[in-house]
Amino acid sequence: MRVLHINIRAAQGGAGRMCLDLHHGLRELGHESRVLYGYGSGITEDPVVADQPDVQMLSSRPVVLANYTAHRLIGQDLFTGSRKRLRKGIAWADVIQLHAPHHYFMSWKTFMTEVARANKPVLATAHDWWFITGRCGFVEDCKGWQSGCGSCGERRLSKDLPSLLDRSASLRRARIASINARGNRFRFACPSQHLAHDYIQVYGDDMVVHIPNAVDREMETALLAQAPLEREFYLFSASDLSSTGKIDPAFVEPLLPDLRDRMRFVGRNYPFEDFPNCYMGEIRSRAEMGEILNRSKALVFTSRMDNAPLTILEALFAGTPVVALPSPAAQEMLSRVGGRCAADSSEAAAILRSGDILTLYGGQSAEDIAATARAEFAGSKLAARYFAQYQALVGQQETAS
């Protein structure tokens, strides 16, 4: 099997880590796999994959900046970095593994035109809600997508893909129509049950499968190799710490004066400048991040916008309990190891102040949590689960031919 992965990032963020791990897993199973990614930090090539010839950057600074401008005006990416490279990759592949196609690196219309021209099947991992909205990757409390979008109001300026004009209704109709036109050659893989439920509302049962996320195997190896360490602090981790959807400042700021010695933050764009000693920087090394998890008393998860957060899986795999504000994604992940979210921010704050973290897990020990998580979230399962879907998609295409 030849699989082409397309994603905005090569190795950054949850979608990037999952994409790269799936790429490596398929190669270890004996298949051919390549990755085309939009761009790395600074709109340059990602140095983490510089020594991997099968992982190539698709876009460029002029294209990204042009698409950013177009999106701010009309809510749509108009340009693709290297259409020749995209076309060549699609022609080579038996199946296209699509991850996050948004954020300024590729025109959706161009991608779908090339896929249709080559008549190749697509499995799209729904890392977020973008495929069922007209503009947004994360919907939080918005239900506008259920009625067809088109009423963004001020949300169009404040969310992850801002736009001056609200064209979300027409863009959503066009996107869904282009996907439905592919028939049984397009399918979605949802990493969580609650997201699968939303996608089924739009596309139906036949186009949606649930494939749970797993801990990437580099992290898995690092955690299994490390001896238990002394638990020292509460960890807050996000790719962008300044994103209020990821790190809730209304929850964090009241805790910092009292718990500063027990709070640490990992990620870029640290916003709490009055507490510099709490910041550990952006950590790209999986071994180093595994050590940090092993030193954490708890991962504090305040996002209510994520779909199937890998940070929760990684923490549980390390035997690090998670204190999460209530959200469907966090509750689904925690329930798989017998845990629960805090009832509200007040309970979460009280638990952190008291240190009585394991009340959220029915009194289980950290060792119990780790044992269950390692059975549930083993990275070795991911490539096999995806390959089964590739076989089904390619088989459907061959039958239709």
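Here, residue 1 is the first one in the sequence, and each next residue gets the next number.
- Side chains of Ser303 and Asp306: a donor on one and an acceptor on the other come within 3.5 Å.
- Side-chain atoms of Thr320 and Arg231 include a donor-acceptor pair closer than 3.5 Å.
- Contact check for Leu325 versus Phe251: side-chain heavy atoms found under the 4.5 Å cut-off.
- To the nearest 0.5 Å, atoms CZ (Arg83) and CG (Leu58) are separated by 11.5 Å.
- Under the salt bridge (charged side-chain N to carboxylate O under 4.0 Å, His left out) rule, Asp46 has a single partner from Arg9, Arg284, Arg17, which is Arg284.
- Side-chain atoms of Leu293 and Leu235, non-hydrogen and from C-beta on, do get closer than 4.5 Å to each other.
- Checking His31, Arg187, Arg2, Gln97 one by one against Tyr390, the side chain to side chain donor-acceptor pair (under 3.5 Å) holds for a single residue, Gln97.
- Listed by chain and number, the residues in a side-chain contact (heavy atoms from CB on, under 4.5 Å) with Arg61 are Ile43, Leu65 (sequence neighbours excluded).
- In this structure Ser242 satisfies the side-chain contact (heavy atoms from CB on, under 4.5 Å) test together with Asp240, Asn269, sequence neighbours excluded.
- With 3.5 Å as the limit, one finds no donor-acceptor pair spanning the side chains of His23 and Glu28.
- Judged by distance alone, the side chain of Arg155 and the main-chain N or O of Pro162 form no donor-acceptor pair under 3.5 Å.
- Side-chain contact between Gln389 and Val95 is absent, with no heavy-atom pair separated by less than 4.5 Å.
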* To do: Tell me, with the steps shown, if Thr359 and Asp356 meet side chain to side chain donor-acceptor pair (under 3.5 Å).
  => CA-CA 6 Å; Thr359 58; Asp356 196 9; 4.6 Å; no
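- By the 4.5 Å heavy-atom criterion applied to side chains, Tyr361 and Leu316 are counted as neighbours.
- Here the CZ atom belonging to Arg172 is positioned 5.5 Å from the SG atom belonging to Cys149, to the nearest 0.5 angstrom.
- Looking at Gln364 and Pro321, their side chains never come closer than 4.5 Å, going by heavy atoms from C-beta outward.
- Val139 is linked by a side-chain contact (heavy atoms from CB on, under 4.5 Å) to Trp129, Thr133, Trp145, counting only residues two or more places apart in sequence or in another chain.
- Put simply, the side chain of Glu114 never gets that close to the backbone of Arg87: no donor and acceptor are under 3.5 Å apart.
- In this structure, Leu310 and Val215 have side chains that are not in contact, with every pair of non-hydrogen atoms separated by 4.5 Å or more.
- The two residues Leu171 and Gly134 come nearest to each other via the heavy atoms CB-O, 3.7 Å.
- Side-chain atoms of Arg156 come within 3.5 Å of backbone atoms of Leu164 as a donor-acceptor pair (strictly under, hydrogens ignored).
- No donor-acceptor contact under 3.5 angstrom links the side chains of Thr125 and His127, judged on distance only.
- Aromatic pair Tyr234/Phe236: ring centres not closer than 6.0 Å.
- Counting only distance, with no hydrogens or angles, the side chain of Gln56 and the backbone of Val35 share no donor-acceptor pair below 3.5 Å.
- In this structure, the side chain of Asn67 engages the main chain of Leu78 through a donor-acceptor pair within 3.5 Å.
- More than 12 heavy atoms of other shown residues, nucleotides or ligands fall within 6.0 angstrom of atom CG in Asp344.
- With ring centers used as reference points, Tyr68 lies under 6.0 Å from Tyr104.
- A distance of 6.0 Å separates NE2 of His5 from SG of Cys19, quoted to the nearest 0.5 Å.
- Using modelled atom types, one side-chain atom of Ser163 and one backbone atom of Gly75 make a donor-acceptor pair closer than 3.5 Å.
- Proximity of a side-chain donor or acceptor of Lys120 to a complementary backbone N or O of Asp94 within less than 3.5 Å is not detected.
- His194 NE2: more than 12 foreign heavy atoms inside a 6.0 Å radius.
- To the nearest 0.5 Å, the span separating CD on Glu232 from NZ on Lys297 amounts to 9.0 Å.
- Side-chain contact, Arg260 with Asn277: no donor N or O sits under 3.5 Å from an acceptor N or O.
- Judged by the 6.0 Å and 45° rule, Arg374 forms a cation-pi pair with Phe317.
- Residues Asp54 and Arg27 are paired through a salt bridge, judged by an N-O separation under 4.0 Å between the basic side chain and the carboxylate.
- Side chain to side chain, Arg167 and Gln76 meet the donor-acceptor criterion of an N or O pair below 3.5 Å.
- Using a 3.5 Å distance cut-off with no hydrogens or angles, the side chains of Gln12 and Ser239 do not pair a donor with an acceptor.
- Here Tyr270 and Phe265 bring their ring centres to under 6.0 angstrom of each other.
- The distance from atom CZ of Phe111 to atom CD1 of Ile6, rounded to the nearest 0.5 Å, is 4.5 Å.
- In this model, no donor atom of one side chain and acceptor atom of the other lie less than 3.5 Å apart for His102 and Asp160.
- Judged by distance alone, the side chain of Ser82 and the main-chain N or O of Arg85 form a donor-acceptor pair under 3.5 Å.
- In the displayed structure, Lys381 atom NZ is contacted under 6.0 Å by more than 12 heavy atoms of other residues, nucleotides or ligands.
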